[in-house]
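Below: the structure, in structure tokens.
In listed order, ligands and their atoms are each counted from 1.
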Amino acid sequence: MSGAVPVLTIDGPSGSGKGTIARRVAERLGWHLLDSGALYRLVALAARNSDLESTDEAAHARCAAGLDVRFSSTPAGDEQIWLKGQDVTAAIRTERAGDDASRVAVMPSVRAALLERQRAFAQPPGLVADGRDMGTVIFPDAEVKIFLTASPEERARRRHKQLKDKGLDVSLAALSREIAERDRRDSSRAVAPLVPASDALILDSTVMPIDDVVDQVLAVVRQRVG
Ligand code: DC
């Protein structure tokens, strides 16, 4: 599926650090980056903007198929995401947007509508794909598959710090409950649940500094891809 273009998949639950790790590894390798979670967040936001009925799967699938999105970066190198020409970078990163994304992500026809769009990110010289089903469904033939985990307590703590750094005051207990609920929904859905691919390397980042995880992932990629 990944063809001649080398693909590294990084899957795992919310707060495992995969977004940060994927971005840093892509920068170090000079490869493209697919943040598949952003696509589900965008579908949820577009659906909300269009007042779609939350149970209308066909309408959500049409919304996913017609998603008018553009990814860019600021001169400082920060990501920018545009939905129908509107800057939604901050809007899709809220806890509500994550929760909404997890709800639309259970819809099989939404997932199907996003399949080819995700595979199209595999362009030379390589792709780092971050998500829940990158190694199992989207790029089953990827050269390197990583499944990144961390304890639920540590993931809640990291998320809490991220939000606090952005000036948002959310209780750690409430975040822990939300993360547990999102884990349950993402792992138990019928289509493309969050599970490690059988050939994935499982890394636990609970007590590992980010730089060490990045170095370990880069070492595996260099060993397999050269
Ligand atoms: O990685 P994230 O927090 O941005 O993802 C938001 C939600 O999107 C996540 O709770 C489940 C869904 N998702 C998915 O189902 N499959 C993916 N490949 C990526 C995200």
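- D133 CG to T9 OG1: the interatomic distance, rounded to the nearest 0.5 Å, is 10.0 Å.
- If you look at ligand 1, the protein residues with a non-hydrogen atom under 4.0 Å away are K18, S36, G37, Y40, R41, A101, S102, A105, R111, G131, R132, D133, M134, R182, D186, R189.
- Checked for salt-bridge contact, E178 and R159 miss the test: no charged N lies under 4.0 Å from a carboxylate O.
- In the model, R62 has no side-chain atom that pairs as donor or acceptor with a side-chain atom of S50 under 3.5 Å.
- Looking at E154 and T206, their side chains never bring a donor and an acceptor atom within 3.5 Å of each other.
- Here R185 pairs with E181 in a salt bridge; the nearest charged N to carboxylate O distance falls below 4.0 Å.
- Of the charged side-chain nitrogens involved, none lies within less than 4.0 Å of a carboxylate oxygen, so that R24 and E27 do not count as a salt-bridged pair.
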